[in-house]
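In what follows, a structure is listed as structure tokens, so that the remarks can point back to it.
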Amino acid sequence: MTDSALFCLCRAGFEPELAAELSERAALAGHHGYARTQRNSGYVEFIVEDAAAASQALPWSNLIFARQKLVRLADLRGLDPSDRIAPILGALDALGAPEAFGELWVEHPDSDDGKPLAGLARSFGNALRPALRKAGWLSKLDDPRRPRLHVVFLAGDHAVLAQADPDDSAPWPLGIPRLKMHPDAPSRSALKLEEALLTLLDPDERARRVRDNMQAADLGAAPGGWTWVLMRNGMKVTSVDNGPLRQALLDSGRVDHLRADGFSWQPKRTLDWMVCDMVESPARVAERMATWFRENWCRQAIFNLKLPMKKRWDETRVCLEAFEYQTHRPMIVRARQLYHDREEITVFAAPR
Ligand SMILES: C[S@@+](CC[C@H](N)C(=O)[O-])C[C@H]1O[C@@H](n2cnc3c(N)ncnc32)[C@H](O)[C@@H]1O
């Protein structure tokens, strides 16, 4: 029998951070369990007595290091490559799930061992879907409101069967939003801010908070990827950096380039947005970001915290707590390690 567990995907190499986050947050919510993982595997299992209840206590949108959060249904090892379907149907029958699933996603971890399984995942999904429909385990037409069935291949003969609540999980396979780099974007970093706006704000908030003619500052702006995203969203931007900005930004007439220190520059009046991608210690950035809110220099912000090599979960928690405390006001704080982030996390913050 498979232990009750959450099954979460993450960036390869960040398993210890996700394991620590799940263990600590679950314990605080009264769900004591333990994490099992392997370095660079791209996933963490969190073994806990009541995985469904623990899952509810740990909303996906609050988790920083989980790209996807699933409740494991079965751990299927030793699968016979000539028939992987029968064991899956057998496992579902044994569980006696109460209703058909709305969609099937067949996936693999985003890791060196997982990526070669992409072809198998695709072809197996095409074979499994009709079999599930015939057996009554999958609705005839995709129904994104019902629980989603996931099959995650960890090896050719090893798959995890799991389910997700569509309202409490990443809406993208593998938990990865696919964004295309725009040919005019000055740097790949532009994708980070695009992903942050997409994942840290919901559609209503995006419509309300990201509007034409808003005033923004970009601290650590060069060569200008984030400035470009703000400008494309109709904003006027003050870009602070000693490094050079792409000429096209300066030619737009919507960007002012200030060669100044992002840790001492302050605006003359309250701005709609401040974004910050300065490469500095996360504690120093968090402190400066808090000052912006305490002094009411901006209404909302997106900033990156570059994580150190060690104790990255501890540093994340300490920096976010210090940031919130130093703002001296109740704040909305959402943090996430984005797909386009590297050794860093991205934070959205605004006063409540
Ligand atoms: C990761 S890059 C920013 C990339 C940018 N977000 C983009 O999309 O193109 C970090 C930038 O921070 C700038 N920086 C670091 N410390 C700074 C400081 N104290 N004041 C202003 N800029 C700083 C660096 O010059 C560098 O251009």
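In this text, all values refer to a predicted model and were calculated from it rather than measured experimentally. Counting convention: from 1, in listed order, for ligands and their atoms alike.
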request  = Return yes if some donor-acceptor pair links the side-chain N/O of Thr227 with the main-chain N/O of Asp218 below 3.5 Å, else return no.
outcome  = no

query = Partners of Glu287 by side chain to side chain donor-acceptor pair (under 3.5 Å), sequence neighbours excluded?
reply = none

query = Taking only residues two or more places apart in sequence, or in another chain, which ones meet Arg145 in a side chain to side chain donor-acceptor pair (under 3.5 Å)?
reply = Asp143

inquiry  = For Asp256 and Val237: C-alpha separation, side-chain torsions, deciding distance, then whether side-chain contact (heavy atoms from CB on, under 4.5 Å) applies.
reply    = CA-CA 6 Å; Asp256 277 333; Val237 191; over 6 Å; no

Output a table of donor-acceptor pairs, distance under 3.5 Å, between side-chain atoms of residues 56-76 and any protein atom two or more places apart or on a different chain; print 'none' if there are none.
unit_1, atom_1, unit_2, atom_2, d
Trp60, NE1, Ala66, O, 3.3
Trp60, NE1, Arg67, O, 3.2
Arg67, NH1, Asp110, OD2, 2.8
Gln68, OE1, Ala170, N, 2.9
Gln68, NE2, Ala170, O, 3.1
Lys69, NZ, Ser55, O, 2.8
Lys69, NZ, Ser55, OG, 3.0
Lys69, NZ, Leu58, O, 3.0
Lys69, NZ, Asp168, OD1, 3.4
Lys69, NZ, Asp168, OD2, 2.4
Arg72, NH1, Glu45, OE2, 2.5
Arg72, NH2, Asp3, O, 3.0
Asp75, OD1, His158, NE2, 2.7
Asp75, OD2, Arg77, NE, 3.0
Asp75, OD2, Arg77, NH2, 3.1

query = In order of chain and number, which residues sit within 4.0 Å of ligand 1 by heavy atom?
reply =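 The answer is Ser187, Ser189, Gly220, Ala221, Ala222, Pro223, Gly224, Gly225, Trp226, Asp241, Ala260, Asp261, Gly262, Phe263, Asp277, Met278, Val279, counting any residue whose heavy atom sits under 4.0 Å from ligand 1.
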
request  = Might you work through the side chain to side chain donor-acceptor pair (under 3.5 Å) test for Gln337 and Asp341, ending with a clear yes or no?
outcome  = CA-CA 6 Å; Gln337 184 172 48; Asp341 279 340; over 6 Å; no

